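Report on the following structure.
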Amino acid sequence: MKNIILAFSILLVSNFYSQQVQYPEPKEGYKKIELKLPKLKDEENYKIDVYVSIKSKLKKCEKETLEIDFKEDFLVKPRNIYLFYKIDSNTFATILQKIENCEGNEIVEKKTYNSPLSLGYYSGITRYFYIPKYMNLEYRIWKVEPKFIEVK
């Protein structure tokens with residue numbers, strides 16, 4: 001009897017921990033992006049900056065800026081596990097500026113970025129992002145300078 005209970009307990013625990021976490025499907029007008037970073041040597045010495053970009057047709061004398069607030073959310077609350085990032089429709093804005101002393105009304109395609117979301121570099125986890133379909137997700141890898149520089 002003890003062996004049956006032990007076998008059942010092992011089967012139950014192994015089944016629980018072997019299940020893949022299912023992140024929700026994106027809501028209408030959004031897409032889910034899985035960011036899986038390549039393995040690097042000395043990952044603790046790297047960081048990533050994550051950007052959202054859009055392409056716009058603007059006059060040559062116009063500059064566009066994205067103001068975006070990534071919201072952190074979790075699949076399991078209140079334990080705060082299985083993190084994902086999302087952009088809500090009310091947490092971003094596009095700011096259009098006209099460059100002074102610029103001539104011409106030529107229309108050109110420009111790519112506009114937000115201020116980055118800076119994260120530690122971890123190739124062992126997949127990060128999930130939910131963003132509007134017309135936006136793109138991009139990232140840059142930064143090598144952290146190992147020495148601190150004292151300001152005098």
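Basis for what follows: all heavy atoms, side chains included, without hydrogens, waters or symmetry-related copies. Since the model is a prediction, treat every value here as computed from it, not as a measurement.
Residue pairs meeting the disulfide bond (SG atoms under 2.5 Å apart) criterion with at least one partner in residues 21-68, sequence neighbours excluded, are Cys61-Cys102. Sorted by first then second residue, the disulfide bond (SG atoms under 2.5 Å apart) pairs that include residues 118-152, not counting sequence neighbours, number zero. Note on residues 98-124: pairs passing ring-ring contact (aromatic ring centres under 6.0 Å, His included), not counting sequence neighbours, are Tyr51-Tyr113. Sequence neighbours left out, not one pair with a member in residues 103-152 passes disulfide bond (SG atoms under 2.5 Å apart). Counting only residues at least two apart or in different chains, disulfide bond (SG atoms under 2.5 Å apart) contacts with residues 119-152 are absent.
Considering only residues two or more places apart in sequence or on other chains, Ile107 meets the side-chain contact (heavy atoms from CB on, under 4.5 Å) condition with Lys57, Lys59. Residues satisfying the side-chain hydrogen bond (donor to acceptor under 3.5 Å, both in side chains) test with Lys111, not counting sequence neighbours, are Glu138. Applying the side-chain hydrogen bond (donor to acceptor under 3.5 Å, both in side chains) rule to Asp73 yields the partners Lys77, Lys86; only residues at least two apart in sequence or on another chain are considered. Shown here are the salt bridge (Lys or Arg N to Asp or Glu O under 4.0 Å) partners of Glu150, two or more places apart in sequence or in another chain: there are none. Considering only residues two or more places apart in sequence or on other chains, Glu64 meets the side-chain hydrogen bond (donor to acceptor under 3.5 Å, both in side chains) condition with Ser56, Thr112.
Summarising the geometry, atom CD1 belonging to Ile68 is positioned 4.0 Å from atom CE belonging to Met135; distances are rounded to the nearest 0.5 Å. Within the model, atoms CG of Leu37 and CD1 of Ile141 stand 6.5 Å from one another, a figure rounded to the nearest 0.5 Å. Rounded to the nearest 0.5 Å, atoms CZ (Arg127) and NZ (Lys36) are 10.0 Å apart. In this structure, CD1 in Ile87 is found 8.0 Å from CG in Leu137, a value given to the nearest 0.5 Å. Lys110 contributes atom NZ, which lies 15.5 Å from atom OG of Ser53 (distance to the nearest 0.5 angstrom).
In this structure, Phe129 has its ring center under 6.0 Å from that of Phe70.
No more than 12 heavy-atom neighbours from other residues, nucleotides or ligands sit within 6.0 angstrom of NZ on Lys63. Atom NZ of Lys143 has more than 12 neighbouring heavy atoms from other residues, nucleotides or ligands inside a 6.0 Å radius.
Looking only at distances, a side-chain donor or acceptor of Tyr130 sits under 3.5 Å from a matching main-chain atom of Pro24. The closest donor-acceptor contact from the side chain of Lys31 to the backbone of Asn136 lies at 3.5 Å or more, if one exists at all.
A salt bridge does not link Lys47 with Asp49: none of the charged nitrogens is closer than 4.0 Å to a carboxylate oxygen.
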**OP:** Show your reasoning for whether side chain to side chain contact (heavy atoms under 4.5 Å, CB included) applies to Thr65 and Glu67.
**Re:** CA-CA 7 Å; Thr65 306; Glu67 294 292 328; 3.9 Å; yes

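Through side-chain heavy atoms spaced under 4.5 Å, either directly or across other Ile, Leu, Val, Met, Phe, Trp or Tyr residues, Val108 is tied to no other residue.
Heavy atoms only, all atoms of each residue included: Tyr82 and Val76 are closest at CD1-CG2, 3.7 Å.
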Side-chain atoms of residues 39-46: list all donor-acceptor pairs with protein atoms under 3.5 Å, sequence neighbours left out, distances to 0.1 Å.
{"residue": "Glu43", "atom": "OE1", "partner": "Ser123", "partner atom": "N", "Å": "3.1"}
{"residue": "Glu43", "atom": "OE1", "partner": "Ser123", "partner atom": "OG", "Å": "3.3"}
{"residue": "Glu43", "atom": "OE2", "partner": "Leu40", "partner atom": "N", "Å": "3.1"}
{"residue": "Glu43", "atom": "OE2", "partner": "Ser123", "partner atom": "OG", "Å": "2.4"}

